[in-house]
Amino acid sequence: MEFTFDLEKNKEKILEFKGFLSDHKDMPGALIPALQEAQVKFGYLPREVMEMIASGLDVPTSKVFGVATYYSQFTFIPKGKHNISICLGTACYVKGAQDILEEFENILGIKGGETTPDLQFSITDCRCVGDCSIAPVVVVDEDVYAKVKKADVKDIIQKYSLEVECVDN
């Protein structure tokens, strides 16, 4: 899935970010702070922003892409309004977390690490949420769902879909 970065919509953020780049241009090791700042400001690292970083810091674009792809903290797709995190730690996995992950993927039409085209949902997996007694665990934004079953997935998604519809109307 390809997401289009809207330059016009982000015009103000881009101007602020270019100021950040200008202030840090001569600072040794400015590339990682620039990538971090861009991700905070834009929510992800679109190609256009990485090219801006290369130009603003006077480094090759290949170096910017190389550093950004090396570190797992950086993402190249926008995150959805609601982040669904499925624990795949040992206790959760043994109790069916993989099936739950696959059910979220099937219903939303995306894979782990992806975002729905409407930018409403992202799916991520994690290794442990720290409470194996309630396995399998799903966390949506800040809401924790304990002892989730595959049959619960549709209702969980629906709760946040209704929330989106209510806000939009």
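Note that the coordinates shown come from a computational prediction; the quantities given were computed from them, not determined experimentally.
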Please determine whether the number of non-hydrogen atoms from other residues, nucleotides or ligands lying under 6.0 Å from atom NZ of Lys79 exceeds 12.
yes
Can you list the residues that meet the salt bridge (Lys or Arg N to Asp or Glu O under 4.0 Å) rule with Glu102, with sequence neighbours excluded?
none
Can you list the steps and then say if Ile110 with Glu105 is a side-chain contact (heavy atoms from CB on, under 4.5 Å)?
CA-CA 5 Å; Ile110 58 173; Glu105 291 175 338; 5.8 Å; no
Co-membership, hydrophobic cluster, residues Val148 and Val144, 4.5 Å side-chain
no
Quiz: residues 28-41 side-chain donor-acceptor pairs under 3.5 angstrom, not counting sequence neighbours:
residue : atom : partner : partner atom : Å
Gln36   : NE2  : Gln73   : OE1          : 3.3
Gln39   : OE1  : Thr75   : N            : 2.9
Gln39   : NE2  : Gln73   : O            : 2.7
Lys41   : NZ   : Glu16   : OE1          : 2.9

With ring centroids as reference points, do Phe5 and Phe42 lie under 6.0 angstrom apart?
yes
Which of parallel (below 30°), tilted (30 to 60°) and perpendicular (above 60°) describes Phe74 and Tyr71?
perpendicular
Mind checking the CD1-OH spacing from Ile100 to Tyr93? Nearest 0.5 Å is all I need.
12.0 Å
Cys87 and Cys92: which non-hydrogen atoms are nearest, and at how many Å?
O-CB, 3.3 Å
Val140 vs Phe121, side-chain contact (heavy atoms from CB on, under 4.5 Å): CA-CA, chis, key distance, verdict
CA-CA 9 Å; Val140 181; Phe121 296 98; 5.7 Å; no
Do Tyr160 and Ile84 land in one hydrophobic cluster if side-chain heavy atoms of ILVMFWY residues count as linked below 4.5 Å?
yes
With Glu142, which residues qualify under side chain to side chain contact (heavy atoms under 4.5 Å, CB included), at least two apart?
none
